[in-house]
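All ligand and atom numbering here is 1-based and tracks the order in the structure.
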Amino acid sequence: MPNRLNDSELLARNLTVAYVIAVVVTALALLLRWLLNPFLGGHLPFATFFAAIAIAAWSGGWRPALLATILGFGLSWYFFVPANLSFDVSGGAYWTAVAIYFAVSFVIAGFGEAMGAAQRRMRRARKQAGDQAEFLRITLASIADGVITTDAEGLVTYANAIAAELTGWPAEESVGKPLTSVLRLVNERSGQPLDNLAVSALHSFRAGQPAEPAILTSKNDVRRFVNTSVSPIRDNSGQAVGAVLVFRDITGLRKTEEELRLRVQQATEAEERMRSVVENVIDAIITIDESGIIQSFNASAERLFGYSADEVMGANVSGLMPQPHRSAHDSYLKNYVDTGVAKIIGIGREVEGRRKDGSQFPMELAVSEFSLGGARYFTGIVRDITARKHAEAALRQSEQRKKEQAAALEAILRATPTPIWIAQDPDCRVVVGNHAACRLLGVPEGTNVSATSPEELRVFREHRDGHPVPADELPMQIAAAKGIEVQGASLTFVFKDGRVRHVYGNAAPLRDAEGAVTGCVSAFMDVTELKEFAERLRSADRQKDEFLATLGHELRNPLAPIRNALEIFKRADNDAELLERARATIERQLAQLVRLIDDLLDISRITRNRLELRKERLELAPLIQHAVETCQPLADRAGQEVQVSVPAAPIYIEADPARLAQVFGNLLTNATKYTPRGGRISLTVERHGSDVVTTVKDTGIGIPSDKLESVFEMFTQVDRSSDRTQGGLGIGLTLVKRLVQMHQGTVTAQSAGPGKGSEFVVRLPALIEKVEPAVPSDTTTETSAGRPRRILVVDDSPDIAESLVMLLRLDGHETMTAHDGPTAVVRAEQFLPDTILLDIGLPKMNGYEVCRVIRGKPWGKDMLIVAMTGWGQEEDRRQSEQAGCNSHLVKPVNYATLAKLLADQQATTSETTR
Ligand code: ADP
């Protein structure tokens, strides 16, 4: 950018130019004079130089004009004044011309100077005007307002760029147009078009007159808010020659104003709302300053704490807290203010509040901080959480209860012996059982045993009535699918390994809170044993019925011959042989009856596990011999041969002689019973190592192989239906087996089949050392009357008492009877017997009491008192002994045994029998 020259520099430059011009035009004038020289000769030597002087004066004033004058004089003198080409000034004729020349030159120079000065002034003025116009143009173009000028008629003479932009009229187009068509304004408030502002301005004397706020519609119909001011333009005489309008787009301003107004309104509303919220919220809101002094206390706070706002405003907030929170609060607050470390600030936490009445309550506190006017404040929002705490405690309790219930349920499921299965999906695709269920199925806990599992994964199949049950017909699936309870379902689990278990139970659907089925639970008891037991019971019941029928039959059988024999007694007169046969019949049948009853009592003891052995060391052979002798009459009557083979060397065993005699007696009796007339019976005793083996063999009807085991079961008879005459209750072999077992032995039955005879083998442990055998005490057959005794027979049955009295009298004893307890005591005192045969089951006072009373009397101390009762167990014997009895005999008493006992008592009255 060229440097702008200041005025003096400009002047100097113009002067230099003018000097150059002066030189140049003088040279031209010289050239012109030289060209005219042929015409002029020595005349007018200065003629052409006047023009050069005038030009130099015009271009630069008097100085260049003087230069041109001097140069012109010199040159013209030298070249054109005679004696040319010299400065000889001797010819005086030229001095006048020279004078004229200078005079004219000075005039021209003065005139030129004046003209040049005027021209320079004019130029300067013009330049100044141009500069001003440019300044105005730039100013107008650069200001942010629209500017339009008009002439006195209101026609636009100028519009700046902003005006063009706002009106939409390009500046050049708008010039010459009426202002009203370029600047279309309506009053903002009234909406009326504004008057021609330019015209009105012409009549105004004031400048910068603001017009009403208006809306400007541009050429392309854009509406803007504008502020306008108008001023008249006046000429020097004060005449209004036009107007200038300045207008500014305030649309943005208006928008900003509007936004501001809206914001202020919103802020006001928000504040109002906030105030209303603060006053109406359920939460208590308390504002405090840095010192903890309460600044605000809303209505909820009043309700919550029981203080009115007036009461607490200005007080310390710590008054709303119980100890120890109260003391701690001030230090909290101070600490926070000092360090910025918050203990409560901004954190919702649970603390304790204190009401005006001193009561405390749990509350949730959230604190926020704000600054106002350079001071710090804290707003606490307090919520009473008493109800929530209660609810939480209740929830905790209920959850605890649920946990305990769940644990209890799990424990129950685990402990219960009933198998239980649970499916937790409505299709029962995953079915898991409890401990008992897994044990029943023989699967690890947690195994899925669903019937929908692939066949290869299943260890069992459910059957009903011998057929597999389809999965969808199983109780759990039905319960889940139909949402019903299935009760009393019976199933049979058939396992892959062949096991079979019968189960019985129920299934019920599991439901969620809405009642939708979510699964199923089932409980099935293993009733396999029950079923088997029921079957056994049924069978036992059948056997019992059959047994009772048999018993009735067996009891009646001996009665007919006894009745007949008694009839013979009436009619036989003194036919001794007939009488003897009748007596023998009675004796046999009675023995049969006694045996029957003995067996029944024994079997009863066996079933109650009360059978006791009185073991002793004894030799087997005499015992065997005695059993054979007992059965011999039966064999003889049946025409059967009995062979006995016993080793020569004695074999000792430890046994109850009576019970062992019962064993072999039963086996031999059976052999005679089930062997036809003329058959053979053999009894062999052999030593097999440490055992002694006794075999009872017959040639009888034999036993089917499938019955060889069961003949030892109670009430079992191989052929009960056939018209047998052998009698029996089906308990003999049961007794045999049990008694042998009680002697640590075994008994087995063998038979080649029906009609091929039977063989019963009894194996007993033998004793090694030799001992003196004991003689069985109740097998004595001999009777011994001994010396006559005074005997009181006490029995509530007159028949028993009288029959026994008859027998005793036959042996020469003196007797008396009594049929109840008190009478027995009275009779004993009157009769003073040396022996009392005392029944235990007596009316009014039982035998034990009678014994005790008598033993309490001086006269009763040395009497022999023998208990005679149907009860023969150890306990019964112990009771007899405790009551003071010397002996205990079991009814029906074998008279020989009694006679022996009485005889033995003669030797020593203190000895007792079994
Ligand atoms: P019972 O009173 O019927 O004889 P047991 O218990 O003594 O009762 O015998 C049971 C059954 O065993 C008999 O009913 C009979 O069918 C069969 N039995 C016992 N001993 C023999 C035997 N020696 N020969 C064939 N069958 C026998």
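- Residues Glu567 and Arg571 are paired through a salt bridge, judged by an N-O separation under 4.0 Å between the basic side chain and the carboxylate.
- With a heavy-atom cut-off of 4.0 Å, Val736 does not touch ligand 1 at all.
- Where the criterion is an N or O separation shorter than 3.5 Å, residue side chain and backbone included, Ser758 meets it with respect to ligand 1.
- The N/O atoms of Ile701, backbone and side chain alike, include none that comes under 3.5 Å of an N/O atom in ligand 1.
- The shortest N or O to N or O distance between Ile703 and ligand 1 is not under 3.5 Å.
- Polar contact with ligand 1: absent for Thr716 (N/O pair, distance under 3.5 Å).
- Residue Ile731 touches ligand 1 through its backbone alone, judged by heavy-atom distances below 4.0 Å.
- For the atom pair OG1 (Thr675) and NZ (Lys697), the distance works out to 12.0 Å, reported to the nearest 0.5 Å.
- Using a 4.0 Å cut-off to heavy atoms of Gln717, the atoms of ligand 1 that qualify are 1 (P), 2 (O), 3 (O), 14 (O).
- Close approach of ligand 1 to Leu733 (heavy-atom distance below 4.0 Å) involves ligand atoms 5 (P), 6 (O), 7 (O), 9 (O), 10 (C), 12 (O), 19 (C).
- Residues Asp545 and Arg542 are not paired through a salt bridge, judged by the lack of any N-O separation under 4.0 Å between the basic side chain and the carboxylate.
- Contact check on Arg878 versus Glu875 returns a salt bridge, with a Lys/Arg side-chain nitrogen under 4.0 Å from an Asp/Glu carboxylate oxygen.
- By the criterion of a heavy-atom distance under 4.0 Å, neither the backbone nor the side chain of Lys707 is placed next to ligand 1.
- Heavy-atom separations between Phe760 and ligand 1 include at least one value shorter than 4.0 Å.
- Against a heavy-atom cut-off of under 4.0 Å, Asp698 is close to the following atoms of ligand 1: 22 (C), 23 (N), 24 (N).
- The minimum heavy-atom distance linking Ser490 with Tyr504 is given by the pair OG-CD1, 3.4 Å.
- Near Gly702, meaning under 4.0 Å from one of its heavy atoms, ligand 1 places the atoms 25 (C).
- Scanning both residues, Leu729 and Leu551, for their nearest heavy atoms gives CD2-CA, 3.4 Å.
- For Gly730, the heavy-atom gap to ligand 1 drops under 4.0 angstrom.
- Under a cutoff of 6.0 Å and an axis angle of 45°, Arg499 and Phe495 form a cation-pi pair.
- Between the side chains of Thr835 and Arg789, at least one donor N or O lies within less than 3.5 Å of an accepting N or O.
- Near Lys673, meaning under 4.0 Å from one of its heavy atoms, ligand 1 places the atoms 1 (P), 2 (O), 4 (O).
- Not a single N or O atom of Val711, backbone or side chain, sits closer than 3.5 Å to an N or O atom of ligand 1.
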| Trace of the side-chain hydrogen bond (donor to acceptor under 3.5 Å, both in side chains) decision for Asp795 with Ser797 | CA-CA 5 Å; Asp795 203 307; Ser797 162; 4.7 Å; no
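- Using a 4.0 Å cut-off between charged side-chain N and carboxylate O, Asp602 and Arg659 make a salt bridge.
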